Amino acid sequence: MRIDIVTIFPAMIEHALRAGIVGRAIERGTLQIAARDLREFTTDRHRVVDDVPYGGGPGMVLKPEPLFRAIEAIEREQGSRSHVVLTSPQGTPLTQNVGERLSRLPHLLVLCGRYEGVDERVRARVDEEISIGDYVLSGGELAALVIADVVARFIPGVVGDDQSVAADSFSRGLLDFPQYTRPADYRGMKVPDVLLSGNHAEIEQWRWRKSIEQTLLRRPDLIEAHEVSPDQRLEMEKILQDIDQRRAE
Ligand code: ADE
């Protein structure tokens with residue numbers, strides 16, 4: 001898969017992509033991600049990418065021409081239409097499912113918006129707008145990096161062990177269970193006995209319970225969408241009662 005990120009700050013994207021799991025995957029050629037300087041797609045001597053808004057008001061708006069030219073030039077390189085995403089706080093919220101869907105595309109073109117605005121006519125040319133959360137960033141670069149990271153993790157071979165993506169907390173629809181490493185006793189804080197027991201069935205059961213408990217406590221909205229067996233449903237009721245009891249105490 002290839003992801004092109006169109007931005008006025010290509011160095012910000014390039015720098016961030018060198019590190020970690022995604023950086024290594026790019027080095028190996030498992031996926032390609034390129035930062036593309038929006039100014040390269042201007043035609044004037046001063047390489048201007050923004051202008052004052054019609055009707056007045058503060059801030060600058062990204063001009064349509066460089067963005068349209070960027071999309072067209074990149075699609076020409078690819079030899080086909082790209083799936084074009086615009087980062088925007090007005091967009092569809094990014095979720096694990098959205099990331100998975102985008103990872104199945106051969107080519108993704110991400111346009112980094114600016115918080116002051118993007119000329120409305122660009123919206124007609126994009127396939128979707130994506131938001132990474134209900135807050136305002138100064139630009140789409142951080143959002144584009146988040147999207148690229150989420151998408152990259154679904155590409156086979158990016159995350160070493162394919163299993164771990166399926167087991168990622170949001171892929172299971174639940175929050176993570178607690179993890180511990182050595183020492184077994186740190187300043188009197190002990191690792192739960194079950195994890196030292198070597199009993200894999202019990203460990204699995206404990207982890208499931210902890211995941212459910214964390215999710216019920218912190219993100220009950222996720223539980224409604226989570227599928228459980230009738231046995232697990234009963235178990236969940238018990239966990240819920242325990243939580244209520246602890247809250248009442
Ligand atoms: N640009 C500014 N804020 C954003 C957000 N929350 N998500 C995506 N793009 C943005």
Side-chain angles (χ1 to χ4, degrees), residues 1-22 31 33-42 48-71 74 82-105 107-155 168-171 175 218-219 221-222:
M1 184 197 194
R2 181 180 166 96
I3 306 176
D4 283 272
I5 301 175
V6 177
T7 168
I8 54 172
F9 300 121
M12 188 172 165
I13 302 285
E14 275 157 11
H15 212 81
L17 287 174
R18 267 183 235 138
I21 287 182
V22 175
L31 91 152
I33 308 185
R36 310 295 297 260
D37 189 347
L38 182 60
R39 291 185 201 282
E40 299 286 321
F41 303 98
T42 55
V48 175
V49 293
D50 55 6
D51 205 343
V52 293
Y54 271 119
M60 300 289 273
V61 174
L62 284 182
K63 287 160 68 63
E65 303 96 314
L67 287 164
F68 272 83
R69 285 172 55 86
I71 297 170
I74 294 167
S82 305
H83 188 81
V84 184
V85 165
L86 173 68
T87 62
S88 141
Q90 283 86 43
T92 313
L94 179 65
T95 60
Q96 195 77 345
N97 283 340
V98 169
E100 210 251 317
R101 167 169 62 77
L102 298 178
S103 77
R104 287 193 238 112
L105 298 163
H107 183 239
L108 187 62
L109 205 175
V110 182
L111 306 176
C112 298
R114 300 304 304 163
Y115 96 97
E116 294 97 336
V118 175
D119 188 285
E120 189 63 24
R121 289 162 291 191
V122 174
R123 293 208 151 81
R125 185 60 181 80
V126 309
D127 295 291
E128 62 184 315
E129 290 178 51
I130 294 184
S131 163
I132 63 159
D134 291 340
Y135 39 77
V136 178
L137 304 163
S138 0
E141 284 71 20
L142 290 172
L145 286 167
V146 170
I147 296 167
D149 195 283
V150 173
V151 169
R153 294 177 59 78
F154 284 103
I155 312 269
D168 272 348
S169 73
F170 278 101
S171 291
L175 299 186
R218 297 179 189 208
R219 290 292 306 276
D221 56 301
L222 293 178

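Ligands are counted one by one from 1 in listed order, and the atoms in each one are counted from 1 as well. These figures come from a predicted structure and were not determined experimentally.
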Exercise for review: Tell me, yes or no, whether the heavy-atom count around D134 atom CG, taken from other residues, nucleotides or ligands under 6.0 Å, exceeds 12.
Suggested key: no
As a test of reading the model: which N/O atoms of the protein lie under 3.5 Å from N/O atoms of ligand 1, and at what distance?
residue: ligand 1; atom: 3 (N); partner: L137; partner atom: N; Å: 3.0
residue: ligand 1; atom: 6 (N); partner: G133; partner atom: O; Å: 3.0
residue: ligand 1; atom: 6 (N); partner: Y135; partner atom: O; Å: 2.9
residue: ligand 1; atom: 7 (N); partner: I132; partner atom: N; Å: 3.0
residue: ligand 1; atom: 9 (N); partner: S88; partner atom: N; Å: 3.2

Check your understanding: Does the pair E128/R123 count as a salt bridge with the N-to-O cut at 4.0 Å?
Key -> no
Practice item. Output the distance between atom CG (L94) and atom CD1 (I132), rounded to the nearest 0.5 Å. Key: 7.5 Å
Check your understanding: Roughly how far, to the nearest 0.5 Å, is CZ of R69 from CG of L38?
Key -> 10.5 Å
Exercise for review: Return the minimal non-hydrogen interatomic distance between V98 and P93, and the atom names on each side.
Suggested key: CG2-O, 3.9 Å
**Study point:** Contact summary for C112 and L62, nearest pair of heavy atoms
**Key:** O-CD1, 3.8 Å
